[in-house]
Amino acid sequence: MRYLSIIFLVLKKELKDEFRRKEGIVASFFFALISLVLFHFSFDSGVGDISQSGAGLLWLIILFAGTLFIGASFKKEEENGTFYALLLAPVDRGAIYLAKFLSNLILLTLLEVFLLFISYFFLNIPIFNSPLSICFVFLLVSIGFSSLGTLISALLINERGSAVLYPLLLYPLLIPLFMGGATLTNEAINSKDIRSDPWLHLIILFDILFLTISTLLFESAVEE
Amino acid sequence: MKIKSFAMITSIIAVILNLFALYMVFFYAPIEIQMGAAQKIFYYHVPSAISSYIMLFVSFLFSIIFLVTKNELADLWAYAGAEVGLVFILCVLISGPIWGRSAWGKWWVWEPRLTTFLILFLMYFSYILLRTFSSEEMKSKRISAILSIIAFLDVPIVNRAIALWGSVVHPKKVALEKEMWQTFIVSFLAVLFLAFSFLLWRVYIGIYKERKNE
Amino acid sequence: MSEFFLQMGRDSSKYFYFSYILIGVIITIYTISLIVRGKRSRKDG
């Protein structure tokens with residue numbers, strides 16, 4: 001119970017802070033919008049129906065836009081030097097990780113809802129063909145993205161060149177997740193049944209594996 | 001120094017085995033009827049792939065040991081394993097497309113195992129980048145250890161994902177003649193010993209450097 | 001299909017040599033880099 005209440009407390013603090021500062025959210029939402037417009041213009045001539053290949057584009061945008069705030073998860077602690085204060089608190093560090101993870105997951109979900117809406121609006125990607133499957137797929141991929149993203153972000157606290165290193169370290173690890181996301185989203189858009197798809201099992205495996213591993217390894221990632 | 005004599009012995013064995021293996025590859029092994037001489041790339045391509053997996057496993061294992069015991073020697077082994085693994089990944093990535101060019105007429109095919117090695121290359125290259133950029137502190141070593149563990153656990157998932165993605169060009173079973181098997185076993189041992197001698201020398205150099213810093 | 005492979009096979013030894021030369025180059029470069037690093041750390045240490 002105590003564990004859960006700690007997670008909830010830190011999560012509340014995180015979200016409050018994030019919505020007060022707004023820079024992460026505004027930057028990523030605006031980035032998503034710009035990318036969508038750019039993609040439209042770079043694909044407009046001759047490729048044909050963008051709604052067919054749209055899923056892959058959506059995932060690329062989510063990857064890049066999500067990096068903007070997930071990569072900066074520990075930025076404010078780094079700047080204010082409050083990270084050690086957070087660590088000094090007599091709480092389980094796994095709980096701190098899970099709270100950060102959940103906060104990133106919530107922001108990512110908001111970003112995805114926004115992106116899906118504008119992609120429906122601008123590009124006619126038929127997201128309402130099977131909304132439940134789409135929500136499910138997006139949630140699963142977001143869990144994997146947020147779990148590894150938060151961990152790598154914690155690893156690079158106070159590290160030289162962390163802004164450059166972050167995507168270099170994270171993106172190769174995420175390749176299978178995003179391959180699965182793009183395939184499943186395409187299938188869901190085309191109203192196929194994804195429940196017995198092997199990609200779904202793979203993504204679930206990825207989520208469970210890396211959420212567990214990250215919670216366990218966070219302790220040794222931040223200890224001083 | 002114990003590790004130095006080990007390294008010396010393994011490298012001598014590796015050199016002898018490699019000369020022997022090269023002789024067998026060039027003169028003893030028969031030419032395969034379908035793919036011709038290009039099939040002989042196999043004798044170093046496949047052992048390099050297996051050796052690189054073994055080296056990455058060494059890195060994974062010693063990363064766990066390092067996180068548990070905080071023993072700096074374990075970190076040296078983990079670093080060495082990843083670096084030598086990367087060298088052999090590079091060998092696979094270079095010989096693979098040449099073989100592909102000869103057998104399929106294309107340099108690069110997005111094919112499960114080849115693509116897996118490309119992603120392996122990306123992951124472990126970023127590991128080496130991290131180690132070169134960051135300082136020699138305890139914290140950077142911990143970061144690297146965690147990265148090595150995550151990357152190694154990701155390998156089977158990457159492999160499965162790419163297998164789901166595309167078609168299979170690599171044969172599931174390889175039917176080889178007796179002479180081919182003999183050549184393969186010798187060249188496999190040769191590459192394996194080469195990898196281990198690299199590993200030992202790399203650790204030896206690391207120990208030297210560590211002592212200098214103290 | 002097998003005819004295609006047979007035809008490719010006739011001049012495929014150049015690929016064979018090419019790939020062994022490149023592997024040799026990689027291995028040599030890495031060996032040299034190990035030797036250089038070893039010498040340097042010995043000199044300083």
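All values derive from a computational prediction rather than experimental measurement. The figures here come from the full heavy-atom set of this structure, side chains too, leaving out hydrogens, waters and symmetry mates. So you know, we letter chains A, B, ... as the sequences are listed, proteins then strands, and number each from 1.
- Note that CG of B/Leu147 and CG of A/Leu173 are 6.0 Å apart. Values are rounded to the nearest 0.5 Å.
- When every heavy atom of B/Arg142 is checked against every heavy atom of A/Ser220, the shortest pair comes out as NE-O, 2.6 Å.
- At a 4.5 Å heavy-atom cutoff, the contact between A/Leu148 and chain B is made by side-chain atoms alone.
- At a threshold of 4.5 Å between non-hydrogen side-chain atoms, the residues A/Tyr171 and B/Leu122 do not count as touching.
- To the nearest 0.5 Å, atoms CG (A/Leu155) and CD1 (B/Ile143) are separated by 5.5 Å.
- The environment of A/Leu132 atom CG is sparse: at most 12 non-hydrogen atoms of other residues, nucleotides or ligands sit within 6.0 angstrom.
- The contact between A/Thr183 and chain B is made entirely by side chain atoms (from C-beta outward), counting heavy-atom distances below 4.5 Å.
- B/Leu67 touches chain A through its side chain: at least one heavy atom from C-beta onward sits under 4.5 Å away, while N, CA, C and O do not.
- Contact check for B/Ile157 versus A/Leu177: no side-chain heavy atoms found under the 4.5 Å cut-off.
- With values rounded to the nearest 0.5 angstrom, A/Leu168 atom CG is found 8.0 Å from B/Phe133 atom CZ.
- Few gaps surround CZ on B/Phe117; more than 12 heavy atoms of other groups in view lie less than 6.0 Å from it.
- Of the listed residues (A/Leu205, A/Ile203, A/Leu165, A/Val164), the greatest number of heavy-atom pairs within a distance under 4.5 Å of chain B belongs to A/Leu165.
- The contact between A/Leu217 and chain B is made by backbone and side chain atoms together, counting heavy-atom distances below 4.5 Å.
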Verdict with supporting geometry, A/Leu169 and B/Leu129, side-chain contact (heavy atoms from CB on, under 4.5 Å) | CA-CA 9 Å; A/Leu169 298 184; B/Leu129 267 186; over 6 Å; no

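- The CE atom of A/Met179 sits 11.0 Å away from atom CZ of B/Arg160, with the distance rounded to the nearest 0.5 Å.
- In this structure, chain A has heavy atoms under 4.5 Å from both the backbone and the side chain of B/Ile150.
- Atom CD1 in B/Ile146 sits 11.0 Å away from atom CD1 in A/Ile213 (nearest 0.5 Å).
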